[in-house]
Every structure is written in structure tokens, then in C-alpha cells.
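Not measured: the values here are computed from a predicted model. Naming: A, B, ... by sequence-line order, numbering from 1 per chain.
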There are 2 protein chains.
Amino acid sequence: MPPLDYDDHKVSREADIGAPPCRNCDVVREIAFCAELSHDEIKRLATVRCHAHLPASFTVFREGDPADHVYSIAAGAVKLYKLLSDGRRQIIGFLFSGEMFGLGLDNGYAYTAETVTQTQLCRFTHRKLDSLLGDIPKLERKMFSMTVKDLIAAQEQMLLLGRKTAREKVATFLLKLSSRAEMQGLPASPIALPMSRADIADYLGLTIETVSRTFTQLKRDGIIGLPASGYVLLTDDKALRELAEGGGG
Amino acid sequence: MPPLDYDDHKVSREADIGAPPCRNCDVVREIAFCAELSHDEIKRLATVRCHAHLPASFTVFREGDPADHVYSIAAGAVKLYKLLSDGRRQIIGFLFSGEMFGLGLDNGYAYTAETVTQTQLCRFTHRKLDSLLGDIPKLERKMFSMTVKDLIAAQEQMLLLGRKTAREKVATFLLKLSSRAEMQGLPASPIALPMSRADIADYLGLTIETVSRTFTQLKRDGIIGLPASGYVLLTDDKALRELAEGGGG
DNA sequence: CGGTGGCTTGACTCTCCTCAATGTGGGTGG
DNA sequence: CCACCCACATTGAGGAGAGTCAAGCCACCG
């Protein structure tokens, strides 16, 4: 599908129209990088912010584009991926509300960002945000610690990609989604899989077929249930945990 | 081998004995996170620093240990790795002089750090360093940008681990080492491989045998040369580059 | 000189990929 | 309301790339 232009969508400069910052998402405020800021600081942050509602499968930016914005997810889900010249794809992360992306070096974005579901983003101009960082130490501190968290998650994913079997990869993936849901105050067990099998495969370094086969295999073994498309039931949490750590067969 | 205790080695608190900070390494000063600081700032940084000379294969810290220090490499090479319960290992990075490691969350270090060669480290108490960050904004900025760089490198490695073939993995690895050597002012072509085949395998998500076979195969194809153990000659840079990007067969 | 550790090479195995067919659910239009 | 379509998911058969197991090679070192 042809990528829609970002500006074709409702991008409102809320600071200009006096809307409350980071509206409709108290949970996000706790997690996102605008967390822990005073009312005044949030106000100043808002002066460099745009809000955007985007449909599913919308390309926010592409690998190599000039990296002039940083994004924070207010609601929805985003995937980040890198491509090889022949089309092979590696999804390097699924991001959800409260998470941040778009930090890059001078060579532009290191990955493509695309919405998974309908998504609400906060967009910050990199240059303007930079100038604020000096003034609001807490902000830089928060962004720093979020980046460290991302790095550690990336290292965890390297272990998965390099050393785990298909079964272990899927188990780890399901557990991560489950604990994420729990952190958001959602139930840990019937977890939602908003992404396609192809996305899961490209995230785990597998093929669609292997992901599908592994799901049915785990179901046959009574470890998970597949109540409806897009949902997974974690029937045997303990077995799943053992699998994920390389313990169980 | 039984891990030697860190304190068994020459760990001198140089600030106390008045030694010049970050001695014997002008190049490192340019790259390391003490770069871009004023003389006075480096002096203050030195008050929280220890210097250590470590032998090869020395475990600096283990995954799960309380993360109370941050390290900067003055000279030598360090590998960071994670283990699965059954011993499978994933090396998540080889670090060289000027690079930093040890940033962790509250749950302790996320990986084990071990020297590859004889190594000189600067060690900073996390707590003390933290208190300096507020005073020296440039320092936090530098550490932040280094972490972003690490994150992007980790994402690049995910692409490698998840989607590249053995040949492509090895080609990418050699090119990365080559460009690193070049950045250090060393020749780009006869590059040194200070790490063992086992380390390379665990870094690339392969086995020792596959790494070895791939090396000889690339040599047979006239793409590399193996003049001596521990060294690789990049004979056909162009072919190597195409391979690394998934282009050439 | 024999022992040791690291590297290479070979034969065989197996997990996961490839290719292909079939199934399924949601949306559209007659 | 049903037939059709389409994208996505599942399932199957066969093959390939990398892993496993095992032997041999080489340099180094006591």
C-alpha cells in the first residue's frame, strides 16, 4: 500500500489551541517520558509537541530518513523494523503506550517505524526537545533511563534470536506480552496479539509457518489455548516459563 | 578457571595518589565518556574513579550482581554475555578502548562482563557518578548519546542474528571490526581478531564449526586471507560488503 | 616429548525453511 | 442473504543450512 503522508492526518499543535497536555491517559503519564515532571515543565514540553491520530499499518518514518522527531506513544502499538536489500525483515521491537522511539544518530533513523493498530502519537521536534533537555534535568534523566531499559531489552532479544529454539522463542514472546499486559493493569492470561503472524515471525527470526506450527504445537501440549484469533490463553504458566529459560523440552 | 577476585589486582585510587586522569591514552580521551570535559571536570570525575589492570579472561562482574559500578575501557577488549540455564551463551558485544559498560537497572547487571585480552579499566561508583551527573551536564549528555549508539548497534545485531546467513554474519562481523580498527587509526585490512572462534560463534549465533567452515570457505572464494592465527586479511572488500548486506551469494 | 587447548575438517542429523495446498473469517456487492 | 473474494492462518511434504558428534591437525608449553 502507498504510504500516506503524515500531514494528511489530524496533526494538531495542541499547545496552540490550549488543550491539556497528554490528555486521556493517566497510565501513560506514569510511564512515558513526560512522567515525573511538574505541571509547569509539562507545559513547556507541550510547546514543542504535536499530537497525531494514525490508522493501522501507517508508516511514521523510514530507515534513513532525517531523524528530526522523537515520538511517544499515547495509545496503540508501533513496530520498528530493519530491512535487508532482498526484503528480509527484522522487527526490532513492538512498542506500546508510554514508550518512546525515534532517537537516532546523524545518519538518520536507524529503523522504519510503522503502526500496528490505530495509534495516537505525541511528536516532538528533536532540535527543540534538545534545547529543553538542558533546562529540565529530570527529562533528560528519564529519557536516558528509558534508553538504558531499551538497550537491556535489546540484549535480551539478542539472546533469544541467537540461541533459543522456535519453541523457546514463542514462549518468551508470549510471557513478555503477558507481563506487559499485567503492568498495564490488564489480565495476564487471555492476552491480545494485535500483530499478525508475519510480524511475530519477523520479530522472532522465524517464518510465518514455523510460528503457526509452534502455536498449534504448544496448544496440543496444553500449554496455551487459542480461544479466538488475536488472543492467546496461557494455560500452563509454569511450563511456559521453563520453556522460555531453556529449561523444559 | 576460578574467577579471581577483583581486588586481588592492582586497583589504585589514582585520585588519591595524584596521578593524571585517563593517562596514557589520548585517543581514548576523544572517544570515552570523559571526552569533551574541561580539565576541572575531569578532575572531579577522577575523584570517583579507580583504575585497574586485568589479565585476559577475567570476569569483571556477573549477570545478576548488584550493579554498583560503571566501567570505561582505557585499553584492551571486553566481552559481554548472557547465559541460558543449560549453558548456551550469547555474546551481546565486544567492547574496546573508549567504550563504556555496566549501566544496569535495579535488578543488577543484565549481563556478565569478561576481559578478552589484558585490559585496563576505569571504574566509577554508580552512586557517586550519579551525583556528578547533575553537576556536569555534558557528562550525562555524553553517556546518553553513547547509550543511544549502543542501542542502535544492538538493533543492527538483531538484524544479523535473526535474518542473516552464516556467510553474511561472518562478513558483517569482519567489516565491523575493520571499520573499528580504521576509526582507531589502525590499518583496515589485516585486522586483528583477539577473540577465540568460540567467542565469535557465540556473538554471531553460530557454532565454532560453522564459523571455522565459513572462514575457510571465504578464503577459498578469495574474499579473505588468513595470514596468521588471530589475523584476517580483507582481500575483496567489495564482495564482503555485498555479502554483509545480503546482496552477493 | 607428550599433553593440552584451540582450530579445522568430515560424516551424519535435525530443526527450521521453502513451496504448495487448504482452511477460515470478514467484508463487499449482487 | 448468499456467493465471492481477499488476506491471513494453518497444515503438509520435501529440502537445505546449520548443528552435532567425532576425528585429526597444529602450535604452544611445561
Side-chain angles (χ1 to χ4, degrees), chain A residues 1 55-57 79 84 86-90 116-117 160-173 192-221 224-232 243 246 249, chain B residues 1 55-57 79 84 86-91 116-117 160-173 192-221 224-232 243 246 248-249:
Chain A
M1 91 200 51
S57 299
K79 64 192 176 201
L84 290 174
D86 61 359
R88 276 175 287 172
R89 187 178 68 151
Q90 178 66 42
V116 175
T117 60
L160 178 146
L161 290 170
R163 288 296 177 223
K164 290 187 182 177
T165 65
R167 236 172 123 82
E168 291 164 355
K169 284 177 175 180
V170 171
T172 308
F173 174 66
L193 294 189
M195 65 290 288
S196 68
R197 291 286 187 272
D199 282 349
I200 297 173
D202 283 347
Y203 181 56
L204 300 178
L206 299 171
T207 57
I208 302 176
E209 294 93 328
T210 301
V211 171
S212 185
R213 270 187 262 269
T214 307
F215 269 118
T216 42
Q217 192 184 320
L218 288 175
K219 181 185 173 184
R220 198 166 36 238
D221 297 350
I224 65 170
L226 300 169
S229 130
Y231 288 90
V232 176
L243 245 182
Chain B
M1 93 199 47
S57 300
K79 64 192 177 203
L84 289 174
D86 60 359
R88 277 175 285 171
R89 186 178 70 149
Q90 179 65 43
I91 291 185
V116 175
T117 60
L160 178 146
L161 290 170
R163 288 296 178 223
K164 290 187 181 178
T165 65
R167 236 172 122 82
E168 292 164 355
K169 284 177 175 180
V170 171
T172 308
F173 174 66
L193 294 189
M195 66 290 289
S196 68
R197 291 286 187 270
D199 281 350
I200 297 173
D202 284 346
Y203 182 57
L204 300 178
L206 298 171
T207 57
I208 302 177
E209 294 93 329
T210 300
V211 170
S212 184
R213 271 187 263 268
T214 306
F215 269 118
T216 42
Q217 193 184 317
L218 288 175
K219 180 185 174 187
R220 198 167 39 235
D221 297 350
I224 64 170
L226 301 169
S229 131
Y231 288 89
V232 176
L243 245 181

To the nearest Å, give me how far apart [atom1] ([X]) and [atom2] ([N]) are.
X	N	atom1	atom2	answer
A:Ile208	C:dC16	CD1	P	17 Å
A:Gln217	C:dC16	CD	C1'	12 Å
B:Lys169	D:dA18	NZ	P	8 Å
B:Tyr231	C:dC7	OH	C1'	17 Å
A:Ile200	D:dA9	CD1	P	8 Å
B:Lys219	C:dC7	NZ	P	15 Å
B:Glu209	D:dC25	CD	P	17 Å
A:Asp202	D:dA9	CG	P	12 Å

Under 4.0 Å, heavy atoms only, any strand: does [X] hit a base, just the sugar-phosphate, or nothing?
X	value
B:Ser229	nothing
A:Ser212	base
B:Gly230	nothing

* Asked: What nucleotide, of C:dT8, D:dA9, C:dC16, holds the atom closest to the side chain of A:Ala166?
  -> C:dC16

Would you say [X] places a side-chain N or O within less than 4.0 Å of OP1 or OP2 belonging to [N]?
X	N	answer
B:Arg213	C:dT9	no
A:Thr210	C:dC17	yes
A:Thr207	C:dC16	no

* Structure fact -> Comparing B:Val211 with A:Lys164, nearest DNA chain C nucleotide closer to 5' gives the residue B:Val211

* Would you indicate whether the side-chain heavy atoms of B:Asp199 and B:Arg89 approach each other to under 4.5 Å? => yes

* Could you check if a side-chain atom of B:Ile200 sits within less than 4.5 angstrom of a side-chain atom of B:Phe215, using non-hydrogen atoms only? =>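 Of all side-chain heavy-atom pairs linking B:Phe215 with B:Ile200, at least one is under 4.5 Å.
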
* Check the pair A:Arg167 / A:Asp221 against side-chain contact (heavy atoms from CB on, under 4.5 Å), numbers first and verdict last. => CA-CA 12 Å; A:Arg167 236 172 123 82; A:Asp221 297 350; 2.9 Å; yes

* Asked: How many angstroms lie between atom OG1 of A:Thr214 and atom CD of A:Glu168, to the nearest 0.5 angstrom?
  -> 11.0 Å

* Taking the side chain from A:Arg88 and the backbone from B:Arg163, do they hold a donor-acceptor pair closer than 3.5 Å? -> yes

